[in-house]
Each structure stands twice: as C-alpha cells, then as structure tokens.
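For reference, the structure discussed in these notes is given below.
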There are 2 protein chains.
Amino acid sequence: MSAKQRKLPLYEQIKNKMLMKINHGDWTPGENIPSESQLMERFNVSRTTIRQALRDLAHQGIIETRRGAPSRVSISPKGKPRSQGVFHHEMGNEMTVKVLRTGVVTNYEALRRLNLGKSEQVFFLERLRLADRKPIAYQQLFLPFEIGKVVKDYAEIEFDIFPKLGREDIHYSTIKEQVNAAVATQYEADLLGIFPGEPLVDIDRLTLGIEGSPIEYSRTKYRTDSFHYKVEIGG
Amino acid sequence: MSAKQRKLPLYEQIKNKMLMKINHGDWTPGENIPSESQLMERFNVSRTTIRQALRDLAHQGIIETRRGAPSRVSISPKGKPRSQGVFHHEMGNEMTVKVLRTGVVTNYEALRRLNLGKSEQVFFLERLRLADRKPIAYQQLFLPFEIGKVVKDYAEIEFDIFPKLGREDIHYSTIKEQVNAAVATQYEADLLGIFPGEPLVDIDRLTLGIEGSPIEYSRTKYRTDSFHYKVEIGG
DNA sequence: CCGTATTTGTACGTATGTATT
DNA sequence: CAATACATACGTACAAATACG
C-alpha cells in the first residue's frame, strides 16, 4: 500500500485497487468480479465498506450489479473511456506517433499546471500524431520528471502513453480538458501539411493521478479536417 | 413493521418524499434541510436508510452535503441542470442577446439534422450573444416550425431559450455537441469586433427532446478570448 | 480565540429479503 | 428446491469538519 493512500478512507483505497485491477486487465470487461464476501476476506474489511466502494464504481458505470447475480466489469467500447459515455474522440485507422524532440526543461506554465516549484524541471516531449501516416496533430507534452523517465522510450513508438503508465502502476483518476481554437503558425503548418492561418482545435489537457496530483499536462493542436471532438450531455 | 404492503424500498419512498418537498417549495434551493437525526425521527427509520436517500440525492446533485455542516438543497437553475457536472461553460456577468435576423427558411443541413423532409421549413434565428455588452458569439439557430413560433418573441430578449421552452412543456433530454475550430470571415469579424482570420470556436449543437426527436439545431462561433469550453472526465 | 456541541463521514456488526444461478 | 449473491434495513461507535457561544 502506497504511503499516500493511507490517509484515504478505506473504501476509497479499495476503489482505487479495484480500478487498478481493471486498468491492468486483471479484471476484464464482461468478466465477473469476486463476490462481496470474497472481497471482504481479501481486503479484510466489513461488507459495508466493500459495498460503498462497489456502489461508487457502479454509479460511475465502471461495474454493473444485479441482485442475485455476480457483479461484473462493464463492457465499455475501448480500454479507456469508462466516463459515463459523455465524451468521444473520432480518429483514423492506423494511429502512430513521431517524436520530434525530447528533453528536460523549465517551462513556467507547465510547472504551474503540474503543481511544481518554479525551480523544478519537467520532462518535455514534442510529438506529431499521425492517422494513417498523415499528420493530424502537433502535441507538446509535459510530465513530472519522475514519470517522464518511465515513458521516455515508450513515447517514441506508442500513440498513447497511458497503457505504459498503467503497467508501471501509475493510474489516472481525472482528466480536465479545455478546448479552444487557434490558427496555425508557419512552424505548425509545415508540420501538419497545411497553410499558416488555417484553424486548429487546441486542447489543453491536465491529467490527475489517483491521489489527485497532476501526472501529465499537454497541449495539442489538431487539424480540423481529421478530428472531431464530441460531447453528449444527458441521455 | 409490516413490510408486505410496500413496493418501493424505504429509502426510495423517503427520497420521493424529499423530492416532493423540494418541488413544492417546502425546501427551497440554498436552504438547509433537517439534520439526519431529525429525519430519522420524522420518518421513523434508521440513519442508514436516511443516509442512503440523502446520498442518492447528493449524487444527483439535488442536495449538497458537507462534513460538519448541515446539508442543503442545491442552488441549481431548476428545471433541467443535473447533468452530472461533467461539462462546463464559462462566461461573463451580464449575458444578453441581440437578434440580427429571423425568418422561415429551407436550409438543407438544418432539415437533415432536425430529421425533417426536404420540402419542409424551419424557423431561423440569427443572433449575437453578448457578455457585458461585448459580443462574444455569433449564432445561427434552427428550430422546427412548431417550436419556433413558441420562442419567436422570447428569443429577442433572452439569452437562453430553454427556460421558455420549459414553461411551454417542451423539455430536452440530450444535447449533442461537436466542437471545431474556424477562422472568422469578414462578416463574422465585423459582428464580433475582431479581425478576419482570427480563430473562433465553432460549436455544432443538436438538442433532442424527451421523445428523442430533435428540437433545436444550432451553430455558434465564439470568440476565443471570452469563452472557455471545459470537459472533466472521471473524478 | 477556544472549547463544545452539532452534523456529516467512515466503519463495524447483524439480520432478513429477494432475484439469480 | 437449494445455494449463492446482491439489496435493504436495523443498530452502534468513533472520526472529522463545521458552527456557535
């Protein structure tokens, strides 16, 4: 048990452990999870506590419970978006990535967003995201140094760094995104194969870890023709 | 206690009674509700049961609870809100609207999105949305004819047409939005007080009614400096 | 400012109901 | 029908944050 989790309520700790099992693939979507009594034994807590954890997960749509039947992990479209289906990115088929630059920098805005001191350093990644070999986005990624060194090599070949973080037991709990519009600079236009002055969707993203501390800050600019940002509210 | 006659669980019954109190104005938004111990006495049930009812209401955003402080009814703009807070627009103080044009038109894209036949007509509104007297968005709004005639006059003075629709017993269930980036045309730039070629956030919105049929299609272009589109996932 | 009372949050235990397997 | 598993509901105790004199 990580030291940071010790101050969290029991049911929150258990929730996090269950989330890890799911993100890890220990419990796969559609699969039954252990019964409440088994979980009571495994975590050595009362049924009340187990049920509070399960209820929260069920309410978030991460698991499904039915009276009389075993509870199971929800079958959500892809690995990620078990965030009650309010959110959707649409992309291409073959998603790849090209790393343009990597290093350790002192970026004021990134440090502020990552809750780090002004004199600290962050791991920096500049990447081009490609869909079917065609560039669709230019991304600047800032990671706390401790996390950066973990994904360093991985980021050069994989489109999404979160699976890697998951394998290293670094999990996220919340993603905050802010969407804006921008026009392409000469530099960005060259990279993305468009003209300067064309519009780009600019997404400012902050990812928080299980304990609520930031684990990633990124800024991505997408071509408007290959990318859609959809939100569905209610329903 | 005779349990044979009740269909709903106790906590559901209590939830319903509390909802009635709120809807009837017995408990008004912002007002503290009775403490758990008082509710235990009043309904003659255990604290567990009261807490289950309260937790559900809190989770729906109908009431707010804080450790140590009395629970209170949420101050939410009545009728609709309660879409579990995954989504947030940030704007100015004094929100107004100026109608530029209004009429009945045959717009192919609007008809398609509203699920209407090609020969039908839709109610059209062209509006400028202002925050603190400053234009922040240019909006094109398409409504099925039946609905359009209801909001016709209202739309000229009110920023948001949904309260009016609510009073006419037209409610929405789902909103689908697609966010994109665009650059301002000369026409838009003049209206918004910016230069042509500056970026705009372009939001394509389709609103569905209770029965699932579209009741509004709109296209809005926001200035990037006075508008933020935020999405929070998970948590 | 401090201590106390109030109020919600967490966690334990037990018993019984009810739907599924 | 029986066993299993989740749902409801009672009770108790203590912790933690807030409100108040």
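Just so we're on the same page: letters track the sequence lines, and every chain starts at 1.
The separation between Arg72(A) atom CZ and dA5(D) atom P is 15 Å, rounded to whole Å. Ile33(B) places its CD1 atom 12 Å from the C1' atom of dT7(C), with the value rounded to the nearest Å. Distance Ile14(A) CD1 to dT10(C) C1': 12 Å, rounded to the nearest Å. If you measure from atom CD of Gln38(A) to atom P of dT4(D), you get 11 Å, rounded to the nearest angstrom. Across the protein-nucleic acid pair, Asn32(A) atom CG and dT20(C) atom P stand 15 Å apart, rounded to whole Å. Rounded to a whole Å, the CG atom of Leu54(A) is 14 Å from the P atom of dT8(D). Atom pair Leu8(B):CG and dG17(C):P shows a separation of 18 Å (rounding to whole Å applied). Remark: P of dG9(C) and NE2 of His59(B) are 14 Å apart, rounded to the nearest angstrom.
Side chain of Glu36(A), nearest nucleotide from dC6(D), dG9(C), dT10(C): dC6(D). Of the candidate nucleotides dG13(C), dT7(C), dA9(D), dG13(C) has the atom lying nearest to any side-chain atom of Ser46(A).
Contact check, Tyr11(A) against dA11(C): no side-chain N or O comes under 4.0 Å of OP1 or OP2. An OP1 or OP2 oxygen of dG9(C) is reached within less than 4.0 angstrom by a side-chain nitrogen or oxygen of Thr65(B). At dT8(D), one or more side-chain N or O atoms of Gln52(B) fall inside 4.0 Å of OP1 or OP2 (strictly under the cut-off). In terms of phosphate contacts, Ser35(B) brings no side-chain nitrogen or oxygen within less than 4.0 Å of OP1 or OP2 of dT6(C).
Annotation: side chain of Phe142(A) is in contact with side chain of Asn107(A) (closest heavy-atom distance under 4.5 Å). The shortest side-chain heavy-atom distance between Arg55(B) and Tyr11(B) does not fall under the 4.5 Å cut-off. Counting heavy atoms from C-beta outward, Arg205(B) and Thr207(B) have side chains that approach closer than 4.5 Å.
Checking Gln140(A) against Arg219(A) by side-chain atom types alone, no donor-acceptor pair falls below 3.5 Å. Neither side chain, Tyr222(B) nor Asp202(B), offers a donor N or O lying under 3.5 Å from an acceptor on the other.
Tyr217(A) approaches Arg113(A) most closely through the heavy-atom pair CE1-NH1, 3.6 Å.
At a threshold of 4.0 angstrom between heavy atoms, the contacts of Ser37(A) with the nucleic acid are absent.
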field: Candidate pair Glu36(B) and Arg51(B), rule salt bridge (Lys or Arg N to Asp or Glu O under 4.0 Å), full reasoning
entry: CA-CA 7 Å; Glu36(B) 291 176 1; Arg51(B) 278 187 66 74; 2.8 Å; yes
- line: With B for base contact, S for sugar-phosphate-only contact and - for none (protein heavy atoms under 4.0 Å), nucleotides 12-19 of chain D reads -B-BBBBS
